[in-house]
There are 2 protein chains.
Amino acid sequence: MLKKYTIRDIAEMAGVSKGTVDRVLHNRGKVSEIAFKKVSKILDEIDFKPNLIAKNLKNNKIYHICVLLPDPKMDSYWDPCLKGIDDVIKELGAFGINIDTFFFDPTSTKSFLNKNLMVQKIKPDAVLLVPLFFKEAIVAIEGYNELGIMVSTFNNHIESAVVKSFIGQNLFQSGRIAAKLLHSIMKGGDIAIIHIDEKYKNAIHMQEKEQGFKSYYKELAHFGHEIHVSNLKNTDFNKSIAIFLLKHPNIKGIFVTTSKGFHVADYIQNNINKNIALVCYDLLVENITYLKNGTIDFLIHQNPKQQTYLGLKCLVEYFLFDKEVPSQLLLPIDIINSENATPFMRD
Amino acid sequence: MLKKYTIRDIAEMAGVSKGTVDRVLHNRGKVSEIAFKKVSKILDEIDFKPNLIAKNLKNNKIYHICVLLPDPKMDSYWDPCLKGIDDVIKELGAFGINIDTFFFDPTSTKSFLNKNLMVQKIKPDAVLLVPLFFKEAIVAIEGYNELGIMVSTFNNHIESAVVKSFIGQNLFQSGRIAAKLLHSIMKGGDIAIIHIDEKYKNAIHMQEKEQGFKSYYKELAHFGHEIHVSNLKNTDFNKSIAIFLLKHPNIKGIFVTTSKGFHVADYIQNNINKNIALVCYDLLVENITYLKNGTIDFLIHQNPKQQTYLGLKCLVEYFLFDKEVPSQLLLPIDIINSENATPFMRD
DNA sequence: TCGCACAATGTGTTCGAGCACATTTTTATT
DNA sequence: AATAAAAATGTGCTCGAACACATTGTGCGA
């Protein structure tokens, strides 16, 4: 087997012309029943796969995809996404892909809507976006739909029939993992779930994690823990957490549902003497620092880079190679400890 | 930007023919200095990337790659590899790739050598193999080299100049991660490192993990643990481990360096009353069972599927798209707990 | 049986890069 | 200056699928 079968080969075998084979392949009609059967039989026998390279040669269009995400300068959680975009460009750019990236202010719904309008004006073939604001995202997605622009989402899930694809994680499960981790390193005491709320509302995100976390402890046979939930703000953080911990002095383990765990770690390191177990999210440099020095015990990696990479890659391969786009892609949830966060292994 | 630049576009812009542009692109010589400069300038300006699709259209060769790994029927650790191979075929098969898989008996060096000879007779373009037996692998690789067959390896590292690529994990680091995990869940007591040796010798594998594990504990400030190392055999396992644990009654944590941790878990569950922390390797169904019921605390995922997938993909993309093959690809080391092993997320 | 639809089938061109070969221009030698 | 040799440049075909268009075949009514 040194050569692939071509349409011409099949035509010869069936004793027809390549035009007829082509018509059979694409159901374009105008084929007699006899010819159809002859060709179909051979196609089945050899399991013919048309050469993808030749198939796309004629199609010398440049597909245009826009990516819309929160500004990494305002929240470094999003930083790795840029690397993911870059990787796709490096890997598939030579196939004729044009990718533009847009940032919105994660504290401003107006900015989100504005940037979406900008993208809509450009009229790309598809857009990959983070639907951070539920209500506004629905509006934006409707707009894309009317313009015939395909929409994929990542990081935040949103219920919408016109969204072609979602790449993210199972946040409920993610909460359960955090609970298991905390449970395995705690030696008794109470537990805190801390949501560090940014100005923007990713409440659903945080709630799903909380639900998962609680569900794990509910299933425990000897449930001797009390779970306290707190919603702290970035501003005046140290004061609020001090009050919270004073109110619940028996807390021995904390689960932070956002990437802002380093604030808690910072407070604990400087103000608390006893050992408090700490499980947080995301590989920000600040978090890794506290992971390495032992203040944070585990980080859960949401892998924003991989989310972006896969989201884009699915779109590109859909356009280039007619690959079907999975409606949902749930990434594995990575557990990171101090020995596991080396930069050459994670992004 | 609706159309890509082509060689013909550049030729027009530079006022030469596409033949000249082609010669500049490939440094084929026979170009005057003036023409070379004109063309180079334009190439730089527009950052020209030749259309990969057209580039490979002529090359209608079917590349043939053989994969050689231990028989999954004899050691289910290798099972996921088949899925990895399958994924590559699904993803890139239509580009003209022919992949054949061969199994050898992981307990027999003779089988390993035999299968390698079989592959060499076939003369594929490349082979991706698990160099389980150090000495024999060197011989086999030499054979491939003489035949001009490219060799990539995965899972087991081997020092050889003619091996094009290795995909695997940093085992030393992997040992450190295990140590950190064990340390974070243990409440004092001694530690055991247990190598469950198969008949075959993957001693280097296990030793690197042991080194890493010990290095973590060496760095600890208050090193109050004693570490006992044991080499147990599969046969008469329960007896040997009973003796070992009797000799060291203070053991409170065990690190198993192979995928055979379930044997230890089985013994502990049925014979030991006190709580022993257990960190092992690999997502075998047996291991996952003990992970879910709490006997095993953590599994470290060596991701054999991903190793196979990436190893193959690198080779395929090298042949198809001239991508360079990384000489070493170290996969992230995944930490798995009971909440993290759901089959839809891991392979 | 001719002629006319229309169905069935075949042919030829396109896409972009690569390369063999044809053609033109330049240089060296007498 | 004439001519050959060498260097530079241009032309045209190839790869496989897709599709427009050309050609052949069939059936039916007059």
Side-chain angles (χ1 to χ4, degrees), chain A residues 1-40 42-43 46-63 92-97 319-322, chain B residues 1-40 42-43 46-63 92-97 319-322:
Chain A
M1 201 195 193
L2 279 158
K3 211 178 140 292
K4 305 180 231 179
Y5 284 110
T6 71
I7 276 193
R8 171 148 264 131
D9 294 329
I10 292 159
E12 243 167 65
M13 291 188 253
V16 296
S17 76
K18 69 194 177 85
T20 303
V21 176
D22 182 69
R23 276 181 285 268
V24 173
L25 273 173
H26 298 89
N27 266 314
R28 274 197 247 283
K30 316 266 175 189
V31 179
S32 70
E33 210 174 314
I34 321 155
F36 186 88
K37 274 185 185 161
K38 273 194 295 185
V39 173
S40 302
I42 291 174
L43 286 179
I46 65 168
D47 182 33
F48 176 71
K49 282 179 202 149
N51 183 330
L52 277 184
I53 292 175
K55 197 166 187 157
N56 286 279
L57 179 56
K58 285 204 80 162
N59 201 8
N60 64 336
K61 186 174 178 303
I62 287 203
Y63 290 99
L92 295 162
F95 283 106
I97 293 292
F319 287 124
L320 286 179
F321 307 124
D322 288 324
Chain B
M1 200 193 197
L2 279 159
K3 210 179 139 292
K4 304 180 232 177
Y5 284 110
T6 71
I7 275 194
R8 171 147 265 129
D9 294 329
I10 292 159
E12 243 166 65
M13 289 189 255
V16 296
S17 74
K18 72 193 179 84
T20 303
V21 175
D22 182 70
R23 277 180 285 266
V24 172
L25 274 172
H26 299 88
N27 266 315
R28 272 197 248 281
K30 318 267 175 191
V31 179
S32 69
E33 209 175 316
I34 321 156
F36 185 87
K37 274 185 187 164
K38 274 195 295 187
V39 173
S40 302
I42 292 174
L43 285 178
I46 64 169
D47 183 32
F48 174 71
K49 283 180 204 148
N51 184 329
L52 274 186
I53 292 174
K55 197 167 186 157
N56 287 280
L57 179 56
K58 286 203 78 161
N59 202 8
N60 63 336
K61 186 173 179 300
I62 288 201
Y63 290 99
L92 296 161
F95 284 105
I97 293 293
F319 287 125
L320 287 179
F321 307 123
D322 288 324

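Residue numbers start from 1 in every chain, and the chains themselves are labelled A, B, ... in the order their sequence lines are given, proteins ahead of strands.
Side-chain proximity of A/Thr6 to the nucleotides D/dA17, D/dT9, C/dC19 is greatest for D/dA17. Ranking C/dC19, C/dG10, D/dC19 by closeness to the A/Val16 side chain, first place goes to C/dG10. Taking only side-chain atoms of B/Lys30, from C-beta outward, the nucleotide of C/dG16, D/dA8, C/dC21 with the closest atom is D/dA8. Checking D/dT9, C/dG10, D/dC15 against the side-chain heavy atoms of A/Thr20 singles out C/dG10 as nearest.
Rounded to whole Å, the distance from NZ on A/Lys37 to P on C/dT9 is 13 Å. Here the P atom of nucleotide C/dC15 and the NZ atom of B/Lys58 are 17 Å apart, to the nearest Å. The distance between atom NZ of B/Lys38 and atom P of D/dA8, rounded to the nearest whole Å, is 14 Å. As rounded to whole Å, 16 Å separates atom C1' of C/dT9 from atom CD of A/Glu12. Computed from coordinates, the A/Asn27 CG to D/dA18 P distance equals 13 Å when rounded to whole Å. Straight-line distance from the CG atom of B/Asp22 to the P atom of D/dA8: 16 Å, rounded to whole Å. One interatomic measurement links the two molecules: CD1 of A/Ile10 to P of D/dG16, which rounds to 12 Å at whole-angstrom precision. Taking atom CZ of residue A/Arg8 and atom C1' of nucleotide C/dG12, one finds them 10 Å apart after rounding to whole Å.
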Could you list, one pair per line, each protein nitrogen or oxygen that sits under 3.5 Å from a nitrogen or oxygen of nucleotides 25-28 of chain D, together with the distance?
none

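Few gaps surround CZ on B/Arg28; more than 12 heavy atoms of other groups in view lie less than 6.0 Å from it.
Between B/Val24 and B/Ser40 there is a side-chain heavy-atom pair separated by less than 4.5 Å. Side chains of A/Val21 and A/Val16 form a contact here, defined as non-hydrogen atoms less than 4.5 Å apart.
Of the two residues near DNA chain D, A/Leu57 and B/Gly19, the one whose nearest nucleotide lies more 5' is B/Gly19.
Contact check on A/Lys37 versus A/Glu33 returns a salt bridge, with a Lys/Arg side-chain nitrogen under 4.0 Å from an Asp/Glu carboxylate oxygen.
Ring geometry for A/Tyr63 against A/Phe319 counts as parallel: the plane angle stays under 30°, on a 0 to 90° scale with 60° as the upper cut.
Distance check: A/Phe48 CZ to A/Ile42 CD1 gives 12.0 Å after rounding to the nearest 0.5 Å. With values rounded to the nearest 0.5 angstrom, B/Asn56 atom CG is found 7.0 Å from B/Asp322 atom CG. For the atom pair A/Leu92 CG and A/Ile97 CD1, the distance stands at 7.0 Å (nearest 0.5 Å).
The base of C/dG18 sits with one of its N or O atoms less than 3.5 Å from a complementary donor or acceptor on the side chain of B/Lys18.
Residues A/Ala14 and A/Lys38 come closest through the heavy atom pair O-NZ, 3.5 Å. Nearest heavy-atom pair across A/Ala11 and A/Ser17 is CB-C, 3.6 Å.
Distances shown here put a side-chain N or O of B/His26 below 4.0 Å from the OP1 or OP2 atom of C/dG18. Contact annotation: A/Arg28 reaches the phosphate of D/dC19 (side-chain N/O to OP1 or OP2, under 4.0 Å). Listed pair A/Ser32 / C/dA7 fails the phosphate criterion, with no side-chain N or O lying under 4.0 Å from OP1 or OP2.
For the segment residues 48-55 of chain A, no residue has any heavy atom less than 4.0 angstrom from an atom of DNA chain C.
Contacts of A/Arg23 with the nucleic acid, taken as non-hydrogen atoms under 4.0 Å apart, include base atoms.
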